[in-house]
Number of protein chains: 2
Amino acid sequence: MTDPKSTDARLTDPTSQAAGFDRMRQARQTEIAEDYVELIADLIAEEGEARAVDLAARFGVSHATVNKTLARLQREDLVQTRPYRSIFLTEAGAAMAEGARRRHQIVLEFLTVIGVPAETAAIDAEGIEHHVSEETLAVFERIARQGL
Amino acid sequence: MTDPKSTDARLTDPTSQAAGFDRMRQARQTEIAEDYVELIADLIAEEGEARAVDLAARFGVSHATVNKTLARLQREDLVQTRPYRSIFLTEAGAAMAEGARRRHQIVLEFLTVIGVPAETAAIDAEGIEHHVSEETLAVFERIARQGL
DNA sequence: TGCAAAAGTTAGCATAGGCTAATAAATGCG
DNA sequence: CGCATTTATTAGCCTATGCTAACTTTTGCA
C-alpha cells in the first residue's frame, strides 16, 4: 500500500501535476475577463457602443452582476467605465479582446474543417478557446487553412 | 447608433448567446468535480487509496481547501468520506471519473495525432477535456484512430 | 416640460474555492 | 508505551461570481 509503484500510466509526479492545475485555475480566472472584453469589443464594433444592459442580456446574468464584474475589470485596467456612461476597452483590454477573437476564430474554423457540425462547433469553440496554447493553436490554424 | 445592423458576423441573437454562456457556467462548476473524481480514481487504482493529503499535493492547494471541496462533492453524492478515513467514489462519482478519463484520453490522443508535441498536448488536454461535446469527441476519436 | 420607463448603481445575501492558523485524531517509531 | 509526526478537521478570512431589492440617474416621449 505504501510501496511506490514508480513509473505508471496515469499519474505523473505531483509537482508537475500541481503546476498544471495551477495553470487551469489561472485560466478559469481569465475566462470571464476574456468573455467580457470580447463581447464588449463586438458590441462596440457593431452597435457603436457597449452598455451594461446588453452585456447582461447576452451573458444571461443580472445587470448587477455585470456591474460588479466590470468593477473588477476596471481594477485590472481592462475596461474603462464612468457612471451612467457606456463602456470602453483600455489598450490592454482591446489587446485581450483581439487575442480572444483570434483564438475563437481559429478554433471555430478548425472544428468546422475537421467535420464538427456548425452549431456544435460554435458551442464547443466557446469553451475550448480559453484553453488552447499558442503551440496547439498553430497546429489548428494550419489544419484550418489546409484542410485535413 | 440605435439602428439595428441586423444580420452580422460576430453577434448572434442575445437569447441563444445567453444559453451558451449558461452552458459555460455549468461546465465551470463541474470542472473541479471532474478533476477531483478523476484524480481520486487514479489514486485508488494505482496507490490503493486516495487521501486528502495526496489530492492537496497533486492539485497544489492546501489540504483545508481539499477538505472543503470534498464536503461539497459528498453533498453531491460523488464521493464518500468518513473522518480520518480514505476517500471513496460513489457509483455516480465512479461514472463521472470514467467519463472524464475517457474524454481526457481521446483528447490527448487526438492532439498528439494531429501533431501537437506530447508535453503541450498533455497540458492542453487538461483544459479542453471539460469542454468537448460528445459530437466533437466522436470526430476527435475517429481522427485519433485513423490518423489525419 | 414633466413624468414614466429604461438604465445604472448600491447594498446585502449566497455559494464556491482559495488561504492560514489552531485544534484534534491516527500512526508509527525509539 | 508514549510522544512526535503526519493527517484531518474546523474556524475565520478573502475574492469572484451569482442573485434580489431598493434607489438614483438618464432618456425619451406625450
Side-chain angles (χ1 to χ4, degrees), chain A residues 1-3 14 18-37 39-40 43 47-88 130, chain B residues 1-3 14 18-37 39-40 43 47-88 130:
Chain A
M1 201 82 89
T2 338
D3 75 284
F21 283 116
D22 196 59
R23 260 190 303 270
M24 285 295 306
R25 276 189 294 275
Q26 293 300 111
R28 242 172 248 140
Q29 266 199 325
T30 60
E31 267 178 47
I32 288 182
E34 289 187 341
D35 286 344
Y36 268 73
V37 298
L39 182 49
I40 291 167
L43 284 169
E47 309 289 335
E49 64 172 357
R51 315 259 355 178
V53 68
D54 301 316
L55 295 177
R58 289 180 180 275
F59 284 127
V61 301
S62 73
H63 50 263
T65 295
V66 166
N67 218 267
K68 206 179 281 193
T69 301
L70 285 174
R72 192 222 347 150
L73 299 183
Q74 180 149 42
R75 273 206 312 282
E76 293 173 1
D77 193 41
L78 291 169
V79 308
Q80 218 255 298
T81 71
R82 289 195 335 279
Y84 301 102
R85 291 286 170 271
S86 71
I87 302 151
F88 297 94
H130 302 290
Chain B
M1 202 81 85
T2 338
D3 74 284
F21 284 115
D22 197 59
R23 257 190 305 270
M24 285 295 305
R25 277 188 293 274
Q26 294 300 112
R28 242 172 249 141
Q29 266 198 325
T30 59
E31 267 179 47
I32 287 182
E34 289 188 339
D35 286 344
Y36 268 72
V37 298
L39 182 49
I40 290 167
L43 284 170
E47 309 288 336
E49 65 171 356
R51 315 259 357 179
V53 68
D54 300 317
L55 295 177
R58 289 181 179 275
F59 283 127
V61 301
S62 73
H63 50 262
T65 295
V66 167
N67 218 265
K68 205 181 281 191
T69 301
L70 285 175
R72 195 226 340 154
L73 299 183
Q74 180 149 42
R75 271 204 315 281
E76 293 171 1
D77 193 40
L78 291 169
V79 307
Q80 218 255 299
T81 71
R82 289 196 334 282
Y84 300 101
R85 292 285 170 272
S86 72
I87 303 151
F88 297 95
H130 303 292

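These figures come from a predicted structure and were not determined experimentally.
Atom CZ in B/Arg25 sits about 16 Å away from atom C1' in C/dA14, given to the nearest Å. One atom, NE2 of A/His63, and another, P of D/dG18, lie 15 Å apart when rounded to the nearest Å. Atom pair A/Glu49:CD and D/dT26:P shows a separation of 15 Å (rounding to whole Å applied). When the C1' atom of C/dG17 is taken as reference, atom CD of A/Gln29 falls 11 Å away, rounded to whole Å. Across the protein-nucleic acid pair, A/Glu34 atom CD and D/dA16 atom C1' stand 16 Å apart, rounded to whole Å. The distance from atom CD of B/Glu31 to atom C1' of C/dG18 is 16 Å, rounded to the nearest whole Å. If you measure from atom CZ of A/Arg75 to atom P of D/dT17, you get 9 Å, rounded to the nearest angstrom. Put simply, CD on B/Gln74 is 14 Å from P on C/dA16, counting in whole angstrom units.
Along DNA chain D, the nucleotide closest to A/Ser62 and the one closest to A/Pro83 are compared, and the more 5′ of them pairs with A/Ser62. The nearest heavy atom of DNA chain D to A/Arg85 and to A/Val61 marks one nucleotide each, and the one closer to the 5' end goes with A/Val61. Map A/Arg28 and A/Asp54 each onto its nearest nucleotide of DNA chain C; the residue landing nearer the 5' end is A/Asp54.
Interatomic distance, CD1 of A/Ile32 versus CE of B/Met24, reported as 8.5 Å (0.5 Å rounding). Here A/Asn67 contributes atom CG and A/His63 contributes atom NE2; the two are 8.0 Å apart, rounded to the nearest 0.5 Å. The OG1 atom of A/Thr81 sits 12.0 Å away from the CZ atom of A/Arg85 when rounded to the nearest 0.5 Å. A/Glu31 CD to A/Gln29 CD: the interatomic distance, rounded to the nearest 0.5 Å, is 10.5 Å.
Close to D/dT17, at under 4.0 Å from its OP1 or OP2, lies no side-chain N or O of A/Thr65. Distances shown here put a side-chain N or O of B/Asn67 below 4.0 Å from the OP1 or OP2 atom of D/dT9. Here B/Arg72 reaches the OP1 or OP2 of C/dG17: one of its side-chain N or O atoms lies under 4.0 Å away. Between B/Arg51 and D/dA8, a side-chain N or O to OP1/OP2 separation shorter than 4.0 Å is present.
Nearest heavy-atom pair across A/Ile87 and A/Arg51 is CD1-C, 3.9 Å.
For A/Lys68 and C/dG12, a side-chain-to-base donor-acceptor distance below 3.5 Å is present, hydrogens and geometry of angles not being considered.
Checking C/dG8, D/dT9, C/dG18 against every side-chain atom of B/Tyr84, the shortest atom distance belongs to D/dT9.
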